[in-house]
Structures are given as structure tokens and as C-alpha cells.
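Model, not experiment: these values are computed from the prediction. Counting starts at 1 for both ligands and their atoms, in listed order.
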Amino acid sequence: MANIKTLAEFITERQHEFTYATGELTQLLTSFRLAGKMVNREVNKAGLAEDILGAQGSENVQGEQQQKLDVYANDLFIRLLRSQGEVCAVASEENEEIVHFNNGGKYVVTMDPLDGSSNIDVNVSIGTIFSIYRRISEGETATMEDFMQSGTAQVAAGYIIYGSSTMLVYTTGHGVNGFTLDPSIGTFCLSHANMTTPEEGNIYSVNEGNYFDFSEGVRNYIDDCKRQNMSGRYIGSLVADFHRNLLKGGIYMYPATKKSPNGKLRLLYEANTLAMIVEQAGGMATDGTTRILDLKPTELHQRCPLYIGSKGMVEKAMKS
Ligand code: AHM
Ligand code: MG
């Protein structure tokens with residue numbers, strides 16, 4: 001029988017790669033590991049539980065309907081992060097303001113606790129996206145400055161995909177590794193070691209319903225993908241689209257539209273995290289002109305256009 005390595009073992013084994021105190025990273029990742037399992041349990045029974053399925057009735061800061069599972073996941077991640085002491089504050093896609101723990105913790109977290117939430121009710125893959133930054137302020141309470149660091153300052157970035165199987169994928173800047181949850185023992189096991197993404201791919205992922213709202217350059221690029229008989233694949237769950245393209249080679253695009261000149265996705269909760277992961281896997285992420293990780297955030301819920309995936313494809317899209 002092949003050796004099985006659990007996520008917990010892997011984190012401990014690789015913690016020396018972390019620049020700061022080693023135990024801290026273990027603590028931080030443990031919260032995501034545990035919360036991921038708990039969200040996974042709820043996601044899997046979503047079809048059964050009346051009180052979990054469906055809209056919560058409230059709207060988030062972007063004016064979108066919050067689904068109950070979004071709220072559940074958000075509360076859970078915040079509760080677990082608060083309880084372990086390393087994290088001083090969290091910025092979540094679901095909260096208008098920073099959630100402060102006032103505990104002097106050395107890290108801050110940004111997250112989208114449940115992305116692609118319009119897919120919950122229809123049994124389609126959804127995901128959690130998270131990033132960890134070292135605080136730059138001192139004292140009990142984190143500041144806005146801690147969250148306005150560019151993506152290059154991330155000390156860890158990861159996602160959990162709740163799909164036909166559940167996986168946690170993360171990087172601390174030393175490559176990307178993926179772990180699949182074995183539900184029978186409730187443990188994430190290393191299944192995708194040292195993940196790399198192909199330089200070129202054959203998949204383009206974009207909401208083509210917006211085609212006529214895209215710039216001429218973007219339309220030209222999409223036309224070119226078609227001329228090459230590429231596969232168009234768009235789930236509408238960023239984590240799922242990203243994960244597939246990472247493994248198979250492809251590009252995911254959420255360009256600017258006439259209605260949304262900065263696109264739809266958020267720099268802090270979505271773009272920066274996946275940009276760090278894709279670069280660690282040998283891919284590329286830009287907003288059309290600038291490397292995502294070099295963008296300097298100016299506000300928490302800032303949006304940016306996103307072109308992410310195989311290097312050759314992203315480069316070509318930028319030139320179109
Ligand atoms: P959400 O954070 O409100 O769930 O929105 C993000 C999602 C992404 O997962 C997905 O790629 C995109 O929105 C789909 O948007 P659209 O329906 O406009 O194509
Ligand atoms: Mg989201």
C-alpha cells in the first residue's frame with residue numbers, strides 16, 4: 001500500500017519553510033482545515049436540511065443575496081480564527097467592515113468563505129478562498145494598513161473546493177500542494193504533490209453572456225479561442241473553474257464590462273489568493289495590464305478584472 005500523508009502531517013513536516021515562528025502557521029492552517037471539514041459536512045447535506053438551503057433574507061455589502069450557507073461558513077471561519085489567537089482581524093467578502101479580535105495576533109486573514117454561492121441550491125461545486133498576511137501594524141488592534149498590503153506580501157494562500165470530492169489546496173510560497181478529503185475517516189490526504197500548471201492550455205472560461213459588453217481586445221481573444229477549437233468551460237464558481245484549469249491548462253477571465261469597469265471579482269478575497277497559487281504553480285495572473293500581486297489595494301472590497309491561468313494564454317490575452 002502506498003504511503004498516506006495527511007494534511008496535518010504535511011503541515012508539520014513543511015513548517016520550517018515558514019519565515020516566521022513555525023507553530024503559528026500550523027495553528028493558522030489548522031483552523032482552515034477544521035472549518036473546511038465542517039463546511040463540507042453542511043454543503044453535503046444542503047439538499048436535506050430545510051433550514052440550511054435557500055436565501056438568508058439579508059444582503060451582503062455588494063447588495064447580493066446571502067445564502068444561508070454563506071452565513072454559516074462566514075461565522076464558522078471567524079469563530080475558529082478568533083479562538084486560536086494568531087489572527088488579529090479578518091476581512092471577509094461577507095462583512096462590510098474588518099472583523100477585529102483585538103488580541104495582538106500577528107496575522108490578518110482575508111477570505112471569501114463560500115464563493116460561487118449561487119451554485120449551492122443546484123448542487124454545483126463551490127469553494128472557500130483564503131489568504132494570510134503578516135501584520136505590519138503593532139499593538140492589540142489591526143489597522144486598515146494591514147489589509148492594504150499587495151498580494152506579494154501573502155504568507156499563505158489557499159482554497160477549498162467542495163466538489164465531487166472535497167480538496168484543500170494551499171501554498172506558503174514553496175510550491176502548491178493539494179489534499180483530498182477522505183470522508184470515511186474525515187481526513188485530508190496529500191493527493192496532488194507539487195502541483196504545476198501547463199504553460200499552454202486548451203480551455204477558456206469566461207461568462208460569454210457578457211460578450212457584447214467586453215472590450216474589442218477581449219472579444220478578439222475569445223474569437224481566437226473559438227477559431228482554435230478550444231473548449232469553452234464555465235461553471236460560474238471561480239474556485240471550480242480555476243481548479244480545473246490549473247490541472248488541465250487553460251485561462252479563466254472575468255474582464256471589465258461596460259456595467260462593471262473593474263470586473264466583478266474582488267482583489268483581496270479572490271484575485272490575490274488565486275494569483276499567488278497560480279504563480280507558484282508556474283502560471284500567471286493579471287488584470288489585463290498589471291500583475292495582480294503587484295496591485296496596491298486601496299479599499300477592502302475593491303474589484304479588479306482577472307485573467308488567470310496558463311502563462312502562454314494569459315500573455316496572449318493581454319496582447320489582444
Ligand atoms: P460570489 O463571490 O458572489 O459568489 O461571486 C463570485 C462568482 C465567481 O465564483 C464566479 O466565477 C463569478 O462570480 C460568476 O459571475 P457571473 O455569474 O457574472 O459569470
Ligand atoms: Mg466570491
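- In terms of distance to the Mg ion (ligand 2), the nearest N, O or S atom of D112 is named OD2.
- For K248 (side chain) and G201 (main-chain N/O), no donor-acceptor pair under 3.5 Å exists by modelled atom type.
- The N, O or S atom of E270 with the smallest distance to the Mg ion (ligand 2) is OE2.
- For L114, no nitrogen or oxygen atom sits less than 3.5 Å from a nitrogen or oxygen atom of ligand 1, counting backbone and side chain alike.
- Polar contact check, D115 against ligand 1: a nitrogen or oxygen pair lies under 3.5 Å apart.
- Note: F179 and Y170 have parallel aromatic rings, judged against thresholds of 30 and 60 degrees for the angle between ring planes.
- Of all the atoms in ligand 1, the ones that sit under 4.0 Å from a non-hydrogen atom of E270 are 2 (O), 6 (C).
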Check against ring pair (Phe, Tyr, Trp, His ring centres under 6.0 Å), F18 and H174: CA-CA 9 Å; F18 193 56; H174 300 270; 9.2 Å; no
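- In E216, the CD atom is not crowded: 12 or fewer heavy atoms of neighbouring residues, nucleotides or ligands sit closer than 6.0 Å.
- Applying the 4.0 Å criterion to heavy atoms of E93 picks out, from ligand 1, the atoms 1 (P), 2 (O), 3 (O).
- When ring centroids are compared, F32 and F130 come within the 6.0 Å threshold.
- Rounding to the nearest 0.5 Å gives a distance of 7.5 Å between CD1 of I4 and CG of D182.
- Between D112 and ligand 1 there is a heavy-atom distance shorter than 4.0 Å.
- Some N or O of G116 is nearer than 3.5 Å to an N or O of ligand 1, by distance alone.
- Ligand 1 places these atoms under 4.0 Å from at least one heavy atom of S237: 9 (O).
- Summary: OD1 is the N/O/S atom of D115 found nearest to the Mg ion (ligand 2).
- For ligand 1, the atoms lying closer than 4.0 Å to a non-hydrogen atom of Y234 are 11 (O), 12 (C), 14 (C), 15 (O), 16 (P), 19 (O).
- Looking at N210 next to ligand 1, no N or O pair under 3.5 Å apart turns up.
- Per-residue contacts place L238 under 4.0 angstrom from the following atoms of ligand 1 (heavy atoms of the residue considered): 8 (C), 9 (O), 10 (C), 11 (O).
- Restricting E93 to its N, O or S atoms, the one at the least distance from the Mg ion (ligand 2) is OE1.
- Relative to the six-membered ring of Y107, R135 misses at least one condition, a distance below 6.0 Å or an angle of at most 45° to the axis.
- Of all atoms in ligand 1, listed by their number and element, those nearer than 4.0 Å to a heavy atom of Y252 are 10 (C), 11 (O).
- Taking 4.0 Å as the cut-off, Y269 does not count as a neighbour of ligand 1 on heavy-atom distance.
- Within a 6.0 Å radius of NZ in K37, more than 12 heavy atoms belonging to other residues, nucleotides or ligands are found.
- With 3.5 Å as the limit, one finds no donor-acceptor pair spanning the side chains of N202 and S231.
- The number of heavy atoms from other shown groups lying within 6.0 Å of CD (E17) is above 12.
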